[in-house]
Amino acid sequence: MAGKRSSTRCTGSPGSEGMTLSGKRVLVTRSAEQAEELAARIRRAGGVPVLFPTIRLVPPEDSGALDREIGRLSSFDWILFTSANAARFFCERSARLGLSSWPAGVRAASVGPGTTRELGSRGVPVRLTAERHTGEGLFEALKAHGIAGKRFLLPRAEEGRETLPELLAREGGEVVAVVAYRNGLADRDDAVAEEIVACPPDLCTFASPSAFRNLFVLLGEEKAREMLGKSRIAVIGEVTARAVEKRDFRVDIVPETYTLKGMLDAASAYFERH
């Protein structure tokens with residue numbers, strides 16, 4: 001694994017007494033329009049968010065496959081949404097193509113409450129929300145409604161997990177996965193870049209492989225490696241964990257539940273143990 005970790009830390013703002021991330025500086029690499037939710041959770045836990053977006057969310061380079069499936073939405077039994085981002089981009093594209101109302105007989109399923117809220121705000125009735133907020137959890141929720149012989153549309157990120165499609169196909173479902181959005185490269189914030197290199201955060205968080213890889217583009221390979229070698233690394237999901245490990249870094253924190261809350265709860269437990 002890359003580099004020995006230094007115990008040196010810059011001083012953050014003091015957290016409130018008893019807060020689980022008290023005084024910890026936490027790097028937030030989410031896109032600018034999404035960073036505040038995680039930043040607010042970090043503050044409530046007594047931590048100090050350091051905002052350095054490494055990605056920006058953009059439509060797919062070619063929307064042809066997505067447009068085609070939106071055009072025959074009524075042929076599906078279920079539309080599955082595994083993130084609020086997928087819900088947002090799918091609904092925005094549908095509206096642009098003139099889809100004014102949700103087709104009768106087509107049911108929407110959501111991976112968790114955040115995604116359900118996003119769909120609700122866009123007028124999409126959600127029939128099913130998974131209790132366990134992972135692809136596996138959504139699969140378990142769908143089993144009660146029957147999978148064999150059903151058609152499922154899965155709008156997702158360009159680097160989506162294959163677990164849910166594989167599980168559904170194994171049970172006799174037909175799955176069509178289409179790219180609804182992708183993670184582009186964010187603009188570099190020079191001031192924050194200098195800060196995190198000179199003063200590595202206590203914890204670096206990544207919610208996608210692109211967020212991790214883009215850090216090296218924005219900081220440069222050597223500086224990114226030096227900074228990460230002095231921090232702890234938390235990720236959401238096994239795909240992101242593999243991307244980190246592929247560059248020979250250790251993943252310190254992977255939550256059981258793939259949500260922002262799950263990641264921060266796991267981070268709090270980690271720092272309590274260490």
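The figures that follow rest on heavy atoms only: side chains count, while hydrogens, waters and symmetry mates do not.
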Note to self: Counting C-beta onward and ignoring hydrogens, is there a side-chain heavy-atom pair between L203 and K24 closer than 4.5 Å?
What the structure shows: no
Check: Does some side-chain heavy atom of H133 sit less than 4.5 Å from a side-chain heavy atom of Y258?
Finding: no
Margin query: Set out, in order, the CA-CA distance, both residues' side-chain angles and the distance that settles side chain to side chain contact (heavy atoms under 4.5 Å, CB included) for L153 and W78, then state yes or no.
Written below: CA-CA 6 Å; L153 178 62; W78 288 92; over 6 Å; no
Taking NZ, NE, NH1 and NH2 as the nitrogens, is one of them in [X] or [Y] under 4.0 Å from a carboxylate oxygen of the other?
X	Y	value
R225	E221	yes
K261	E37	no
D67	R93	yes
R122	E92	yes
R25	E195	yes

[X] atom [atom1]: more than 12 heavy-atom contacts under 6.0 Å:
X	atom1	result
K150	NZ	yes
R151	CZ	yes
E238	CD	yes

How long is the span from the [atom1] atom in [X] to the [atom2] atom in [Y], to the nearest 0.5 Å?
X	Y	atom1	atom2	answer
E171	L167	CD	CG	8.0 Å
L73	R68	CG	CZ	13.5 Å
L97	L66	CG	CG	7.5 Å
L228	L27	CG	CG	8.5 Å
L80	F90	CG	CZ	10.5 Å

Using every non-hydrogen atom in the two residues, find where [X] and [Y] come nearest and quote the distance to one decimal.
X	Y	value
V197	P200	O-CD, 4.0 Å
S74	V106	CA-CG2, 3.8 Å
R30	I55	C-CG1, 4.4 Å
T129	P113	CG2-N, 4.0 Å

Check: Under the side chain to side chain contact (heavy atoms under 4.5 Å, CB included) criterion, do R56 and V58 qualify, and how do the steps go?
Finding: CA-CA 6 Å; R56 59 186 181 91; V58 294; 3.2 Å; yes
Next item on the list: Output, in order, the C-alpha distance, side-chain angles, deciding distance and verdict of side chain to side chain contact (heavy atoms under 4.5 Å, CB included) for T259 and I236.
Entry: CA-CA 7 Å; T259 62; I236 295 180; 6.0 Å; no
Next item on the list: Carefully, step by step, assess S208 and T240 under the rule side-chain hydrogen bond (donor to acceptor under 3.5 Å, both in side chains).
Entry: CA-CA 5 Å; S208 70; T240 307; 5.7 Å; no
Next item on the list: Run the numbers on E194 and K223 for salt bridge (Lys or Arg N to Asp or Glu O under 4.0 Å), then give the verdict.
Entry: CA-CA 10 Å; E194 292 176 8; K223 290 182 178 179; over 6 Å; no
Notebook entry, point to check: Quick one: does NZ or CZ of R88 land under 6.0 Å from the six-membered ring centre of Y181, within 45 degrees of the ring axis?
Noted result: no
Next item on the list: Using the side chain to side chain donor-acceptor pair (under 3.5 Å) rule, pick out the option among R156, Q34, E118 that qualifies with N85.
Entry: Q34
Next item on the list: Could you go through the side chain to side chain contact (heavy atoms under 4.5 Å, CB included) check for F152 and V176 one step at a time?
Entry: CA-CA 6 Å; F152 301 87; V176 178; over 6 Å; no
